[in-house]
Amino acid sequence: MAIRQVVKIGDDVLRKTSRPVDVLNRRILTLLDDMAETMYAKDGVGLAAPQVGVLRRAICVDVGDENGLFQLINPEIVKAEGEQEGMEGCLSIPKRHGIVKRPARVTVRATTRAGKPVEIEAEGLLAVAFCHEIDHLDGTMYIDKQEREVTDEELAEMQKENKE
C-alpha cells in the first residue's frame, strides 16, 4: 500500500467522467488499498479514484462509525429521499468549505472488493459522503452544488461549538 498524491482543484482530471471498472484485478485492489491509506493519512472521510488521478469508478468511504471502511467499485445511487443541509469540505479543495444540500437517505448499489454485489442504505453523514464521492466519479465537485461558501470565522465558530 502507498499514500498517493491527492489531485487539487484546477486539474482537469477532476472534471472528467470516470470509466466503469470491468475487471476486478490486482491493480484495482491496489488502487482501493492506496485510496484508503491516502484517505486516512489526510484525515478524510472519503476519496474517489479521480482524486488520485485515476479515472475509474471506485470510492472509499469511512465516516468513523460502526460501519467502518467501504471500498466500492462502480457505485451508483439508486434511491434518494429527503433533504439535509450541512458543511462539506474536500481533500481536493484544501482550506475551503461550503454549505451543501444533499439527500437525507440514499441507497447505493455497487460491487465490493471481493466482487460481490451490495446494496447499502445510508443516512446522515454516510449518505453525504457517498453522494460527495460518487459525484467525483462524474466530474462534479461540492462547490458546484454549494449554497454558499463558509467563511473562516464561521468554520472556527462551528468547530468551537462542536468541542463544547
Side-chain angles (χ1 to χ4, degrees), residues 2-18 31-32 34-72 74-110 120-164:
I3 296 173
R4 296 196 185 196
Q5 187 72 34
V6 175
V7 175
K8 302 292 190 263
I9 189 168
D11 191 312
D12 290 345
V13 74
L14 293 172
R15 294 304 189 171
K16 294 182 178 176
T17 301
S18 297
L31 171 64
L32 288 169
D34 289 355
M35 288 169 54
E37 188 171 351
T38 302
M39 176 186 72
Y40 291 131
K42 305 288 185 184
D43 292 325
V45 298
L47 195 67
Q51 291 181 274
V52 293
V54 179
L55 284 172
R56 291 293 184 182
R57 298 189 78 79
I59 65 170
C60 290
V61 171
D62 186 344
V63 298
D65 66 7
E66 68 280 355
N67 292 302
L69 175 65
F70 290 97
Q71 292 178 306
L72 302 177
N74 299 327
E76 61 178 327
I77 296 170
V78 295
K79 185 176 180 184
E81 299 176 324
E83 185 176 86
Q84 62 180 318
E85 185 178 88
M87 184 176 66
E88 289 186 34
C90 181
L91 295 175
S92 292
I93 310 174
K95 300 180 183 177
R96 288 178 61 188
H97 296 85
I99 302 297
V100 183
K101 284 185 182 175
R102 299 279 190 186
R105 291 169 301 287
V106 296
T107 302
V108 175
R109 189 175 293 150
I120 304 158
E121 294 185 11
E123 59 184 32
L125 179 58
L126 186 56
V128 169
F130 281 138
C131 290
H132 181 111
E133 300 312 328
I134 291 170
D135 274 354
H136 273 299
L137 303 180
D138 295 317
T140 301
M141 301 175 77
Y142 86 85
I143 56 173
D144 303 327
K145 296 183 172 191
Q146 75 181 9
E147 301 286 311
R148 65 179 178 82
E149 192 153 346
V150 174
T151 66
D152 291 341
E153 294 78 23
E154 287 177 297
L155 180 60
E157 185 62 33
M158 287 178 199
Q159 289 172 335
K160 180 181 171 188
E161 288 173 9
N162 287 340
K163 288 181 181 178
E164 293 176 350

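- Using a 4.5 Å heavy-atom threshold, the side chains of T17 and R57 count as touching.
- Looking at heavy atoms from C-beta onward, I120 lies in side-chain contact with L72 at the 4.5 angstrom threshold.
- Looking only at side-chain heavy atoms (C-beta outward), F70 and V108 stay at 4.5 Å or farther from each other.
- Among the candidates M87, E85, H132, E88, the single residue satisfying the side chain to side chain contact (heavy atoms under 4.5 Å, CB included) test with V100 is E88.
- In this structure, NE2 on H136 lies 5.0 Å from OG on S92, to the nearest 0.5 angstrom.
- Here the side chain of R102 pairs no donor or acceptor atom with the backbone of Q84 at under 3.5 angstrom.
- With sequence neighbours excluded, the residues forming a side chain to side chain contact (heavy atoms under 4.5 Å, CB included) with A49 are L31, M35, V54, A58, listed by chain and number.
- In this structure, M39 and L69 have side chains that are in contact, with non-hydrogen atoms separated by less than 4.5 Å.
- Panel note: side chain D135, backbone T140; no donor-acceptor pair is recorded below 3.5 Å.
- The structure places CD1 of I3 at 10.5 Å from CD of Q5, a figure rounded to the nearest 0.5 Å.
- Exactly one residue among L32, I59, V52 makes a side chain to side chain contact (heavy atoms under 4.5 Å, CB included) with L47. That residue is V52.
- In terms of modelled atom types and a separation under 3.5 Å, the side chain of E37 and the main chain of A2 share a donor-acceptor contact.
- The structure places CG of D11 at 11.5 Å from CD of Q51, a figure rounded to the nearest 0.5 Å.
- The main-chain N or O of R109 is never found under 3.5 Å from a side-chain atom of E76 such that the two would form a donor-acceptor pair.
- To the nearest 0.5 Å, atoms CG (L91) and CD1 (I9) are separated by 13.0 Å.
- Closest approach of V13 and P50 over heavy atoms only: CG1-O, 3.7 Å.
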